[in-house]
Visitor: 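My structure is below; once you've seen it, I'll send some questions.
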Amino acid sequence: MRMTDKTSGFRTAVVPAAGLGTRFLPATKTVPKELLPVVDTPGIELVAAEAADSGADRLVIVTSPGKDGVVAHFVEDLVLESTLAERGKFALLEKVRKAPGLLDVTSVVQEEPLGLGHAVAQAEAVLDDDELAIAVLLPDDLVLPCGVLETMSRVRRERGGSVLCAIDVPKSQVSAYGVFDVEECADNAETDVLRVKGMVEKPDLADAPSTLAAAGRYLLDRVIFDALRRITPGAGGELQLTDAIALLIDEGHPVHVVVHRGSRHDLGNPGGYLRAAVDFALERDEYGPQLREWLKFRLSPEWDPQSPIA
């Protein structure tokens with residue numbers, strides 16, 4: 001049963017997808033990065049399914065001018081569906097029908113690349129007046145197993161304010177992330193729920209307040225839009241979402257993190273994308289067994305690059 005905003009804490013999930021995907025060129029010259037398949041499913045569909053399973057009934061995709069393909073993925077293709085049905089390809093038919101049936105999809109255009117905060121701000125215009133919070137899911141981040149948004153919703157119901165997702169990263173990697181400055185909650189009821197005192201963007205290890213890094217999932221009180229209007233552009237003239245969150249913290253708005261103890265794949269760079277594809281394929285019955293055997297063979301000392309590969 002789909003949750004409502006009364007139980008999930010949000011109805012709308014916002015997915016910023018206006019980037020150029022430069023790290024994947026030349027592939028992204030014609031194909032949006034968000035449509036690159038993780039095995040056979042575009043990353044944007046995986047994120048949309050996570051949002052739907054967590055209670056959202058609407059997805060707002062923030063795109064850039066001319067980048068219409070991401071939204072088109074969620075539109076029914078009746079000609080394709082009819083062709084697959086006529087040919088008896090019902091398993092494929094079920095797959096292509098999944099995305100359009102997940103949730104209602106709306107797009108808004110970010111006319112200029114002015115930062116993540118600016119992208120999120122574009123969603124305000126399409127929200128209903130009674131929506132008190134939004135979820136923001138960064139499509140580069142796959143947080144597994146799914147379900148962290150449900151935990152974040154519960155924490156917001158219990159503690160109010162805004163709730164973010166964190167992962168505990170190795171010390172050698174903290175400089176690649178936004179890192180949280182946290183403390184235990186006053187009641188110390190849950191070890192994986194912490195109060196946020198601030199954030200440091202991509203700190204040196206010596207300056208990092210913790211090893212808890214942002215993981216691309218945000219459950220934000222609607223006051224975030226007011227904060228976004230009041231911050232000033234940072235480096236590169238961009239409006240940073242973390243700056244708006246920091247402003248709210250300074251003003252006493254409660255912000256907590258849920259520490260996710262699962263895994264995270266970064267689809268934003270080719271290395272992370274490849275690892276995600278292998279991970280997903282290993283979990284699939286139709287690909288997993290053969291791929292697992294091939295990987296064992298490929299990584300064994302007996303591997304001969306001149307040998308034919310079955």
Side-chain angles (χ1 to χ4, degrees), residues 10 12-23 33-34 47 60-64 67 108-125 127 133-141 143 152 161-167 169 173-182 194-205 207-258 264 266-269 272:
F10 65 95
T12 297
V14 178
V15 177
L20 297 177
T22 52
R23 285 180 287 184
K33 175 186 63 177
E34 295 80 11
V47 171
V60 176
I61 301 176
V62 183
T63 64
S64 54
K67 192 176 179 181
V108 294
V109 176
Q110 183 184 23
E111 295 290 348
E112 298 180 79
L114 298 177
L116 177 58
H118 183 261
V120 171
Q122 307 312 302
E124 184 180 19
L127 295 182
I134 61 166
V136 176
L137 296 84
L138 303 190
D140 284 351
D141 292 318
V143 180
M152 293 163 65
S162 298
V163 185
L164 318 178
C165 177
I167 55 171
V169 300
Q173 297 179 16
V174 294
S175 62
Y177 294 91
V179 177
F180 294 110
D181 184 6
V182 296
L194 301 166
R195 192 179 75 84
V196 180
K197 298 189 292 181
M199 287 187 70
V200 181
E201 192 66 31
K202 298 181 179 180
D204 292 333
L205 178 58
D207 300 322
S210 74
T211 55
L212 296 178
R217 298 294 181 269
Y218 307 80
L219 182 54
L220 301 172
D221 190 281
R222 191 163 181 154
V223 296
I224 192 66
F225 295 112
D226 176 64
L228 287 167
R229 282 188 286 270
R230 292 189 287 126
I231 62 173
T232 56
E238 295 187 346
L239 292 175
Q240 299 298 338
L241 183 61
T242 52
D243 289 344
I245 294 171
L247 175 61
L248 292 178
I249 293 172
D250 289 343
E251 296 177 346
H253 179 80
V255 176
H256 293 84
V257 292
V258 170
R264 168 191 173 271
D266 181 4
L267 299 184
N269 69 81

Visitor: Out of curiosity, L228 CG to L241 CG, how far, rounded to the nearest 0.5 Å?
Guide: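 Here the interatomic distance stands at 6.0 Å.
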
Visitor: Minimum heavy-atom separation for V257 and A166, please, with both atom names.
Guide: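 Minimum heavy-atom contact is CB-CB, 4.2 Å.
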
Visitor: Do R222 and L127 make a side-chain contact, defined as non-hydrogen atoms from C-beta onward lying under 4.5 Å apart?
Guide: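 Result yes, sub-4.5 Å side-chain heavy-atom pair found.
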
Visitor: Do N269 and D140 come within less than 4.5 Å of each other through their side chains, counting heavy atoms only?
Guide: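 SC-SC contact between N269 and D140 ruled out.
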
Visitor: Please give me the minimum heavy-atom distance between P16 and L116, naming the atom from each residue.
Guide: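 Closest pair (atom of P16, atom of L116, distance): CG-CD1, 3.6 Å.
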
Visitor: Evaluate Q122 against V109 for side chain to side chain contact (heavy atoms under 4.5 Å, CB included), listing each step before the verdict.
Guide: CA-CA 7 Å; Q122 307 312 302; V109 176; over 6 Å; no

Visitor: Identify the two heavy atoms, one from A119 and one from V62, that lie closest to each other, and give their separation to 0.1 Å.
Guide: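 It is O-CG2, 3.6 Å.
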
Visitor: Taking all non-hydrogen atoms of both residues into account, name the closest pair between S64 and A18 and its distance.
Guide: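 Taking S64 first and A18 second, the nearest heavy atoms are OG-O, 3.2 Å.
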
Visitor: Are V179 and T211 packed together at the side-chain level, in the sense that at least one heavy-atom pair is separated by less than 4.5 angstrom?
Guide: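 Of all side-chain heavy-atom pairs linking T211 with V179, none is under 4.5 Å.
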
Visitor: If we ignore hydrogens and angles and just use 3.5 Å, is the side chain of S210 paired with the main-chain N or O of F180 as donor and acceptor?
Guide: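 It does hold such a pair.
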
Visitor: If you round to the nearest 0.5 Å, how far is CZ of R23 from CG of D266?
Guide: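 Between D266 CG and R23 CZ, I get 6.0 Å after rounding to 0.5 Å.
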
Visitor: Which heavy atom in A215 sits nearest to a heavy atom in V143, and how many Å separate them?
Guide: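 So the two residues come closest at O-CG2, 3.5 Å.
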
Visitor: How would you list, by chain and number, every residue that makes a side-chain hydrogen bond (donor to acceptor under 3.5 Å, both in side chains) with S162, sequence neighbours excluded?
Guide: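 Residues passing side-chain hydrogen bond (donor to acceptor under 3.5 Å, both in side chains) with S162: H253.
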
Visitor: Give a yes or no on whether the backbone of D207 and the side-chain of D204 come within a donor-acceptor separation of less than 3.5 Å.
Guide: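 Flag not set: sc D204 to bb D207 has no pair under 3.5 Å.
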
Visitor: Quick one: which of L164, V182, I167, D181 gives a side-chain contact (heavy atoms from CB on, under 4.5 Å) with L212?
Guide: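 Going through the options one by one, the only one that passes is V182.
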
Visitor: Going through the distances and angles, do H256 and V258 end up as a side chain to side chain contact (heavy atoms under 4.5 Å, CB included)?
Guide: CA-CA 7 Å; H256 293 84; V258 170; over 6 Å; no

Visitor: Could you report the tightest heavy-atom contact between I61 and A17, atom names first, then the distance?
Guide: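 Smallest interatomic distance, heavy atoms only, reads CG2-CB, 3.9 Å.
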
Visitor: Return yes when atom NZ of K202 has more than 12 non-hydrogen atoms of other residues, nucleotides or ligands closer than 6.0 Å, and no otherwise.
Guide: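 Not more than 12 within 6.0 Å, no.
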
Visitor: Any donor and acceptor pair, going by atom type alone, linking the side chain of R217 with main-chain N or O of V163 inside 3.5 Å?
Guide: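 It does not hold such a pair.
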
Visitor: If we only count heavy atoms from C-beta on, is the R230 to E251 side-chain gap below 4.5 Å?
Guide: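 With C-beta onward as the side chain, the pair touches.
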
Visitor: Could you point out which residue of I245, D243, T242 forms a side-chain contact (heavy atoms from CB on, under 4.5 Å) with I231?
Guide: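 Testing I231 for a side-chain contact (heavy atoms from CB on, under 4.5 Å) against I245, D243, T242 leaves exactly one candidate, D243.
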
Visitor: So, the side chain of K67 versus the backbone of G19: is there a donor-acceptor pair under 3.5 Å, distance only?
Guide: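 At least one qualifying donor-acceptor pair exists.
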
Visitor: Are a donor atom and an acceptor atom from the side chains of E112 and Q110 found within less than 3.5 Å of each other?
Guide: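 No donor-acceptor contact under 3.5 Å links the two side chains.
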
Visitor: Does V15 form a side chain to side chain contact (heavy atoms under 4.5 Å, CB included) with V60? I'd like the steps, not just the answer.
Guide: CA-CA 6 Å; V15 177; V60 176; over 6 Å; no

Visitor: For a side chain to side chain contact (heavy atoms under 4.5 Å, CB included) check, start with the C-alpha distance between I224 and Y218, then their side-chain angles and the critical distance, and finish with the verdict.
Guide: CA-CA 11 Å; I224 192 66; Y218 307 80; over 6 Å; no

Visitor: Using the side chain to side chain donor-acceptor pair (under 3.5 Å) rule, take E238 and Q240 through it: C-alpha gap first, then chi angles, then the decisive distance, then the call.
Guide: CA-CA 6 Å; E238 295 187 346; Q240 299 298 338; 3.3 Å; yes

Visitor: Give me the one residue out of L219, I134, V136 that meets side-chain contact (heavy atoms from CB on, under 4.5 Å) with F10.
Guide: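 Result for side-chain contact (heavy atoms from CB on, under 4.5 Å) with F10: L219.
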
Visitor: State, yes or no, whether a side-chain contact exists between V108 and T63 at a heavy-atom distance under 4.5 Å.
Guide: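 Not touching, per the 4.5 Å side-chain cut-off.
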
Visitor: Rounded at 0.5 Å granularity, tell me how far CG in L138 sits from CG in L267.
Guide: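 That separation rounds to 11.0 Å.
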
